Peer 1: 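Would you mind keeping the following structure in view while I ask a few things?
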Amino acid sequence: MKNNRDTLGGRLSAILVAAGSAVGLGNIWRFPYIAGENGGGAFLIIYIGCILLLGLPVLLAEFSVGRSTHKNAVGAYRSLSKRWTFIGYNGLIAPFIVLGFYFVVSGWTLEYLVVSITGQIADYTSPETNQALFSEFTVNPWRPIAYTLVFILITHAVIVMGVQKGIERSAKFLMPLLFIVLIILALRSMTMPDGIEGLKFFFKPDFSKVTAGTFLNAMGQAFFSLSIGLGCMVTYASYFKPDTNLQTTALNVIILDLLVAVLAGMVIFPAVFSVGIEPTSGPSLVFVTLPSIFNTMSLKILWSSAFFLLLGVAALTSTISLHEVLTVYISEEWKMGRRKAAWVATGGVTVMACAASLSVGVCKGWTIFGLTFFDLLDSLSANIVLPLGGFATSIFVGWFMNRRILRDEITNRGELPSFIYKVTSIMLRYVCPVLLMAIFLYNLGLFNYLK
Ligand code: PHE
């Protein structure tokens with residue numbers, strides 16, 4: 001292997017680290033709140049469409065770019081084509097924007113873990129008290145920042161321990177456990193009074209609620225949830241072995257990621273309708289809804305502690321993947337030791353995260369384009385920066401990158417059937433760019449002239 005870089009273990013490891021990056025707060029915290037704001041059922045269908053038509057091809061493209069070059073995101077695009085190096089830089093700026101608010105929500109997860117372990121969660125028995133818990137905590141100037149900092153330092157520690165040990169180990173055991181806990185919570189939530197209303201909201205499409213924004217949000221959520229459109233999957237694929245099957249890896253990641261999101265919806269929406277929370281409550285939705293489910297369970301302290309612990313771990317495997325993009329870039333391109341590089345990255349994201357945390361509480365009044373800094377980072381990354389990265393990637397890989405590279409990577413130099421390569425290539429050339437452009441233009445209102 002070139003450059004003596006670390007590589008990951010077998011096939012399972014490639015799937016695990018990629019799924020570890022994909023599955024996280026995006027599935028369990030962001031997906032339900034975005035689906036809730038965008039009408040539920042119809043959103044789910046459009047979202048699945050986005051995953052298949054945009055997610056799968058772009059994921060395969062990024063895997064190919066990463067594994068064929070064995071370089072950090074910027075180095076990878078640069079070595080394929082100098083002109084397209086900017087995609088690498090886009091993939092480098094994005095992690096700062098994502099981590100800026102992602103670390104804040106990760107901090108909330110830690111706080112809820114502590115509230116669960118200490119048994120305080122048992123005091124919160126109505127939607128009003130749950131809401132009060134959430135707002136009191138997030139409005140506090142220092143507590144959320146303290147939890148955020150703890151989460152940043154945990155991520156930093158894993159990064160410094162190195163790729164192989166740190167990332168692979170943490171992903172291996174806990175993801176299946178999270179899955180099981182989600183299934184149990186979904187069963188509990190669905191059997192709450194009126195839970196069925198929530199299932200209807202989530203699974204019965206009401207297309208009258210679909211607007212241009214629904215498409216933008218579904219597309220943004222697809223990119224965000226799959227960790228594509230930025231340097232994460234490129235960087236991870238640079239550690240994949242030559243015999244890793246990119247086709248099955250990508251398919252597995254997509255299926256797992258979707259399953260977790262759908263399960264999260266089946267946990268959240270029945271409870272939302274059962275206890276009368278607004279599905280449009282935004283970022284607080286999941287944090288306000290979950291305690292209502294735990295409250296109906298025996299051993300609630302155990303369940304809520306287990307849940308928030310596993311959610312924290314899922315968030316961690318995602319923050320690691322984002323931090324890794326920055327650390328490898330800094331260490332390879334600025335010729336810095338890995339430890340020092342990790343500190344530089346940590347310093348940068350800490351500033352962003354503190355500002356985002358304050359913008360949810362004491363600095364709520366300071367807005368940019370009518371959004372708090374937190375909300376701005378959230379929608380800027382998912383709805384603009386990542387899809388633009390995906391747009392440029394599909395044009396570059398579909399039209400300008402040496403076609404052999406894509407074919408060799410997707411088929412493992414001819415060992416695997418070429419069907420998926422052919423479909424991916426057509427999707428990257430025609431479908432992805434056109435669809436992405438159409439969604440952007442639709443949202444800018446440009447199609448109104450045609451009416
Ligand atoms: N996909 C992760 C999640 O769903 C978040 C993420 C976004 C991670 C972008 C890496 C890159 O939680």
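These figures come from a predicted structure and were not determined experimentally. Both backbone and side-chain heavy atoms feed into the values below; hydrogens, waters and symmetry mates do not. Remember, it's 1-based here, ligands and their atoms both numbered in the order they're listed.
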Peer 1: Can you say whether the rings of Phe101 and Phe374 are parallel (under 30°), tilted (30 to 60°) or perpendicular (over 60°)?
Peer 2: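 Perpendicular, since the angle between the ring planes exceeds 60°.
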Peer 1: Looking only at non-hydrogen atoms, find the nearest pair between Gly398 and Arg429 and report the distance.
Peer 2: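 Here Gly398 and Arg429 meet closest at O-NE, 2.9 Å.
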Peer 1: Side-chain contact test, heavy atoms from C-beta onward, threshold under 4.5 Å: evaluate it for Asn72 versus Leu92 and give yes or no.
Peer 2: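 A side-chain contact under 4.5 Å is absent here.
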Peer 1: Between Phe294 and Trp303, is the gap from one ring center to the other below 6.0 Å?
Peer 2: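 No; Trp303 has its ring centre 6.0 Å or more from that of Phe294.
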Peer 1: Hey, mind stepping through Tyr430 and Trp399 against ring-ring contact (aromatic ring centres under 6.0 Å, His included) and telling me if it holds?
Peer 2: CA-CA 10 Å; Tyr430 306 102; Trp399 292 95; 5.5 Å; yes
Peer 1: When you check ligand 1 against the protein, what N or O pairs turn up below 3.5 Å? List the atom names and distances, or just say none.
Peer 2:
{"from": "ligand 1", "atom 1": "1 (N)", "to": "Ser21", "atom 2": "O", "distance (Å)": "3.3"}
{"from": "ligand 1", "atom 1": "1 (N)", "to": "Ala22", "atom 2": "O", "distance (Å)": "3.0"}
{"from": "ligand 1", "atom 1": "1 (N)", "to": "Phe224", "atom 2": "O", "distance (Å)": "2.8"}
{"from": "ligand 1", "atom 1": "1 (N)", "to": "Ser225", "atom 2": "O", "distance (Å)": "3.0"}
{"from": "ligand 1", "atom 1": "1 (N)", "to": "Ser227", "atom 2": "OG", "distance (Å)": "3.0"}
{"from": "ligand 1", "atom 1": "4 (O)", "to": "Ala22", "atom 2": "O", "distance (Å)": "2.8"}
{"from": "ligand 1", "atom 1": "4 (O)", "to": "Gly26", "atom 2": "N", "distance (Å)": "3.3"}
{"from": "ligand 1", "atom 1": "4 (O)", "to": "Asn27", "atom 2": "OD1", "distance (Å)": "3.2"}
{"from": "ligand 1", "atom 1": "12 (O)", "to": "Leu25", "atom 2": "N", "distance (Å)": "3.1"}
{"from": "ligand 1", "atom 1": "12 (O)", "to": "Gly26", "atom 2": "N", "distance (Å)": "2.7"}
{"from": "ligand 1", "atom 1": "12 (O)", "to": "Tyr102", "atom 2": "OH", "distance (Å)": "2.4"}

Peer 1: So, is the end of the Arg30 side chain (NZ or CZ) under 6.0 Å from the ring centre of Phe224 and within 45° of the ring's axis?
Peer 2: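 Judged by the rule (NZ or CZ under 6.0 Å from the ring centre, within 45° of its axis), Arg30 counts as positioned above Phe224.
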